[in-house]
Amino acid sequence: MFAVDKPAGRTSHDVVARVRRVLSGAKVGHAGTLDPDATGVLVLCVGNATKISAFLMEGEKEYRGVGRLGVVTDTQDASGQVLAERKVDVTLENLREAAREFLGRIEQIPPMFSAVKIDGQKLYRLARKGVEVERPARTVHVRSFEITSIDGADFEFVVTCSKGTYVRTLVHDLGARLGCGGHLARLVRSRQGGFSLENAVPWAALEEADAAAAIGRAKVDPDQALEFLPECDLSTGPDPVRAGALLPRDRAPEDVEGVVRVRLPGGRHGGIARIDDEGVRVLHLFPPGSTWGRGRRTS
């Protein structure tokens, strides 16, 4: 597992395809897409690690960006068609006060230009045909939404949020709250879980002859990649720890729930579980460390 600093103009699939070529056809997947115009941390999994890519998405994300007030677009970012333009008369304090209303657990309606599926159809395909459908709101968590500066209609921000949060929708809704509208002008994902820009492989490095070596230097094992998850110690107890097992709830700390990494007999962190009222469900057990990264595409 490692991160690439995705450049603007490249899709997440472009990055996966490039890494796949560098690694001679290895199985490669990403853990959370980035819009083509966005840049920054794109977490990739290689070989057997692709089986747990979904759990990496549980990691909190940090974004740095620029919002532009007074202009509303159909995509909620700079790539879309302008739907409305309004006068902007907003101060830094106005912005910061409005941003505070989007902290904590909030409801977001996914944008039409998104990969969310409604009745089996991706929204962006409907949007390209000029069709708009009703979308159910989703609950997301915004831990911080800091407005750092404003210059005319443009403002800079840093947001820390849960998976599933559409930052462009956050900016769009902030503009609506202020009465002037707005859209996302620029976005950088600066962190996802334990991966940051500082330890991401630059795109330019993937075009060099020693690209595979650059990837090798950036790789981390699953336990390190999942350090952001709380721990559940299953190293003792009468019940066997195997994938799919449902263990008693009292095997886990009372104040821990949701997705956790588990400590197995012998002391190593060796898997992932989900804790809820039913108990501790073992979702995945890691193979021995030497087998991570193996595997080729089958199609």
Side-chain angles (χ1 to χ4, degrees), residues 1 3 12 30-35 38-43 52-67 76-77 95-118 123 134-148 155-178 182-184 186-197 225-232 252-261 272-278 280-281 283:
M1 298 173 178
S12 300
H30 64 72
T33 189
L34 268 176
D35 289 340
T39 67
V41 173
L42 181 70
V43 178
I52 62 170
S53 61
F55 302 111
L56 289 173
M57 298 181 197
E58 299 287 334
E60 190 176 63
K61 300 176 177 66
E62 178 187 87
Y63 295 90
R64 299 175 182 270
V66 175
Q76 301 180 353
D77 62 18
L95 264 174
R96 287 175 170 168
E97 182 179 355
R100 284 192 285 269
E101 298 180 33
F102 292 90
L103 295 177
R105 292 173 65 86
I106 64 171
E107 298 292 308
Q108 264 195 344
I109 297 177
M112 277 300 303
F113 283 88
S114 68
V116 173
K117 288 185 177 181
I118 299 292
L123 288 177
E134 185 175 348
R135 289 95 68 198
R138 297 182 166 191
T139 301
V140 297
H141 186 266
V142 179
R143 184 166 66 84
S144 66
F145 190 7
E146 179 185 2
I147 310 298
T148 57
F155 65 94
E156 296 186 352
F157 66 87
V158 181
V159 63
T160 306
C161 56
S162 68
K163 69 174 183 178
T165 305
Y166 282 93
V167 179
R168 53 192 161 108
T169 299
L170 198 61
V171 173
H172 170 88
D173 292 348
L174 176 63
R177 184 68 55 90
L178 291 164
H183 70 272
L184 180 67
R186 188 167 67 250
L187 188 67
V188 178
R189 184 191 283 164
S190 48
R191 180 176 61 82
Q192 178 177 338
F195 296 92
S196 66
L197 281 174
L226 295 168
E227 280 184 342
F228 65 87
L229 291 174
E231 178 184 298
C232 178
E254 292 184 2
D255 59 345
V256 175
E257 61 180 16
V259 177
V260 298
R261 58 183 184 139
I272 302 169
R274 184 182 301 277
I275 302 173
D276 55 27
D277 291 341
E278 291 186 3
V280 181
R281 175 74 68 183
L283 302 175

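Since the model is a prediction, treat every value here as computed from it, not as a measurement.
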Exceeds 12 heavy-atom contacts within 6.0 angstrom, atom [atom1] of [X]:
X: Glu254; atom1: CD; result: no
X: Arg186; atom1: CZ; result: no
X: Glu58; atom1: CD; result: yes
X: Ile109; atom1: CD1; result: no
X: Arg96; atom1: CZ; result: yes

Report the C-alpha separation of Val260 and Leu229 in whole Å, then their side-chain angles, then the decisive distance to 0.1 Å, and conclude whether the side chain to side chain contact (heavy atoms under 4.5 Å, CB included) test is met. CA-CA 5 Å; Val260 298; Leu229 291 174; 5.5 Å; no

Can you spot which of Phe157, Tyr63, Phe102 makes a side-chain contact (heavy atoms from CB on, under 4.5 Å) with Leu170?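 The single option meeting the side-chain contact (heavy atoms from CB on, under 4.5 Å) with Leu170 is Phe102.
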
What's the verdict on side chain to side chain contact (heavy atoms under 4.5 Å, CB included) for Glu146 and Thr160, showing C-alpha distance, side-chain angles and the deciding distance? CA-CA 9 Å; Glu146 179 185 2; Thr160 306; over 6 Å; no

Would Arg64 and Glu156 pass as an ion pair if we require N to O under 4.0 Å?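 No, this pair does not count.
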
Smallest separation among heavy atoms of Gln192 and Leu56, with atom names: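 So the minimum-distance heavy-atom pair works out to NE2-O, 3.5 Å.
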
Does Asp173 reach the side chain of Ile106, with side-chain heavy atoms less than 4.5 Å apart?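 With C-beta onward as the side chain, the pair stays apart.
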
With heavy-atom distances below 4.5 Å as the criterion, would you say the side chains of Pro136 and Ile118 are in contact?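 Side-chain contact under 4.5 Å: yes.
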
Stepwise side chain to side chain contact (heavy atoms under 4.5 Å, CB included) test for Gln76 and His183: CA-CA 5 Å; Gln76 301 180 353; His183 70 272; 5.5 Å; no

Is the backbone of Pro110 close enough, under 3.5 Å, to the side chain of Arg135 for a donor and an acceptor to pair up by distance?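 Yes, the answer is positive, given that a donor and an acceptor are paired below the 3.5 Å cut-off.
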
